[in-house]
Amino acid sequence: TSAQKLLKLLRDYPVFHWLGDVDEVHYMLFMEVVRQYTEQNRWPRKVVLYLNSFGGDLGVAEAFYDYVRASGLHLVTVAAGDVESAAVVLFLSGEERYASQFSSFLIHDPVLGMHGELTIRDIKLTSLHVSSMHERYLAILSRASCIIKEELDRISEDASSFSAERAKELGIAHEIF
């Protein structure tokens, strides 16, 4: 069963718990674990990322996704609770993706906080940046799932939250435990 496979993975491979924001601190902690294994010539065949996050910095999530893809690391991701926003990109980094039956996923359009005085030029540049960021986000989601871009646009625009079952139907999760 999926639960038995997951228990074996948790027992046999290094597990990194990413609980909280998608930020530089968590990213650097993960990289330190990988570095330690590499220095000790104990590069693991697989690493399990146990994930519960409301999201955070999309740039960090993209860097993580790119690193995992380029490194050849066989990452197994496990959704335990909430996997929202930028955390969905982390989850999709996994070659094997498991979701707790009680986990939930959220995909939404980018949100920016703007402070201080802004000129028209500032607003235009920010709009271009956000549009570019959003396109990269949707490209990762589309590439790693079976959701077509038009459907992703609608899901993102509606700030859609969905269950593990729906995530599996969409190709985001591979198995539910």
Side-chain angles (χ1 to χ4, degrees), residues 1-108 136-147 152 155 160-177:
T1 68
S2 292
Q4 291 169 327
K5 284 197 313 193
L6 180 60
L7 286 173
K8 182 172 176 25
L9 287 167
L10 294 173
R11 183 183 62 239
D12 294 348
Y13 298 100
V15 178
F16 183 84
H17 297 268
W18 192 311
L19 308 173
D21 292 339
V22 175
D23 58 17
E24 295 87 357
V25 172
H26 284 92
Y27 178 81
M28 294 308 294
L29 288 171
F30 180 85
M31 297 303 287
E32 179 63 18
V33 168
V34 170
R35 187 191 63 75
Q36 287 175 4
Y37 275 100
T38 304
E39 279 184 359
Q40 298 167 6
N41 291 322
R42 293 178 29 220
W43 182 257
R45 289 181 311 217
K46 292 183 183 182
V47 173
V48 178
L49 177 66
Y50 197 84
L51 180 61
N52 182 337
S53 173
F54 292 120
D57 188 328
L58 183 57
V60 170
E62 290 173 340
F64 182 87
Y65 182 89
D66 289 343
Y67 172 79
V68 169
R69 293 291 174 200
S71 71
L73 178 66
H74 184 106
L75 186 67
V76 178
T77 51
V78 179
D82 298 300
V83 177
E84 300 182 355
S85 190
V88 174
V89 174
L90 298 182
F91 184 74
L92 290 171
S93 300
E95 288 185 46
E96 299 173 54
R97 302 189 295 256
Y98 295 84
S100 157
Q101 62 183 326
F102 304 111
S103 57
S104 64
F105 295 80
L106 173 70
I107 296 173
H108 65 87
R136 290 191 317 266
Y137 177 61
L138 294 181
I140 290 170
L141 295 177
S142 178
R143 189 177 319 128
S145 69
C146 59
I147 311 171
L152 271 173
I155 288 171
S160 296
S161 179
F162 41 89
S163 67
E165 282 292 334
R166 181 72 176 133
K168 185 176 177 187
E169 290 170 9
L170 295 170
I172 292 171
H174 296 146
E175 296 189 44
I176 299 173
F177 65 96

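Within a 6.0 Å sphere centred on CE of M31, other residues, nucleotides and ligands contribute more than 12 heavy atoms.
Looking at heavy atoms from C-beta onward, V25 lies in side-chain contact with L29 at the 4.5 angstrom threshold. Using a 4.5 Å heavy-atom cutoff, the side chains of L58 and Y137 are in contact.
For E96, the salt bridge (Lys or Arg N to Asp or Glu O under 4.0 Å) partners two or more places apart in sequence, or in a different chain, are K46. With sequence neighbours left out, E62 forms a side-chain hydrogen bond (donor to acceptor under 3.5 Å, both in side chains) with R136. Applying the salt bridge (Lys or Arg N to Asp or Glu O under 4.0 Å) rule to D23 yields no partners; only residues at least two apart in sequence or on another chain are considered. Applying the ring-ring contact (aromatic ring centres under 6.0 Å, His included) criterion to F105, with sequence neighbours excluded, gives F91. For S85, the side-chain hydrogen bond (donor to acceptor under 3.5 Å, both in side chains) partners are H108, not counting sequence neighbours. By the ring-ring contact (aromatic ring centres under 6.0 Å, His included) test, H17 pairs with Y50, sequence neighbours left out.
In terms of modelled atom types and a separation under 3.5 Å, the side chain of N52 and the main chain of A80 share a donor-acceptor contact. A donor-acceptor distance shorter than 3.5 angstrom exists from the side chain of S71 to the backbone of Y67, with no hydrogens or angles considered. Remark: side-chain polar atoms of S53 are paired, donor with acceptor, to backbone N or O of G20 under 3.5 angstrom. A distance-only check finds a donor-acceptor pair linking the side chain of S93 to the backbone of L90 [under 3.5 Å].
Taken to the nearest 0.5 Å, the CG atom of L170 stands 9.5 Å off from the OG atom of S160. In this structure, the separation between NE2 on H174 and OG1 on T77 is 8.0 Å, given to the nearest 0.5 Å. To the nearest 0.5 Å, the span separating CG on L73 from CD on E95 amounts to 8.0 Å. Between the CG atom in L152 and the CD1 atom in I147 there is a gap of 4.5 Å [rounded to 0.5 Å]. With rounding to the nearest 0.5 angstrom, the NE2 atom of H26 is 9.5 Å from the CG atom of L51. Note that the CG atom of L75 and the CZ atom of F16 stand 11.0 Å from one another [nearest 0.5 Å].
Ring orientation note: the planes of Y27 and F64 are nearly perpendicular, at an angle over 60° on the 30°/60° scale.
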Walk me through whether L106 and V88 qualify under side chain to side chain contact (heavy atoms under 4.5 Å, CB included).
CA-CA 8 Å; L106 173 70; V88 174; 5.9 Å; no
Next on the checklist: Show, in sequence, the C-alpha distance, side-chain angles and deciding distance for I172 and I107, and conclude whether the side chain to side chain contact (heavy atoms under 4.5 Å, CB included) test is met.
Outcome noted: CA-CA 11 Å; I172 292 171; I107 296 173; 4.1 Å; yes
(message) Applying salt bridge (Lys or Arg N to Asp or Glu O under 4.0 Å) to K168 and E165, what does each step give before you reach the verdict?
(response) CA-CA 5 Å; K168 185 176 177 187; E165 282 292 334; over 6 Å; no
Give the intermediate values and the outcome of side chain to side chain contact (heavy atoms under 4.5 Å, CB included) for residues S104 and F162. CA-CA 6 Å; S104 64; F162 41 89; over 6 Å; no
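Residues F177 and S100 approach most closely at CE2-N, 3.2 Å, considering heavy atoms. Contact detail for G171 and R97: the closest heavy-atom pair is O-NH2, 2.8 Å. Of all the heavy atoms in Y98 and S2, the pair that sits closest is CE2-O, 4.2 Å.
Using a 4.0 Å cut-off between a side-chain N of Lys or Arg and a carboxylate O of Asp or Glu, R166 and E169 qualify as a salt bridge.
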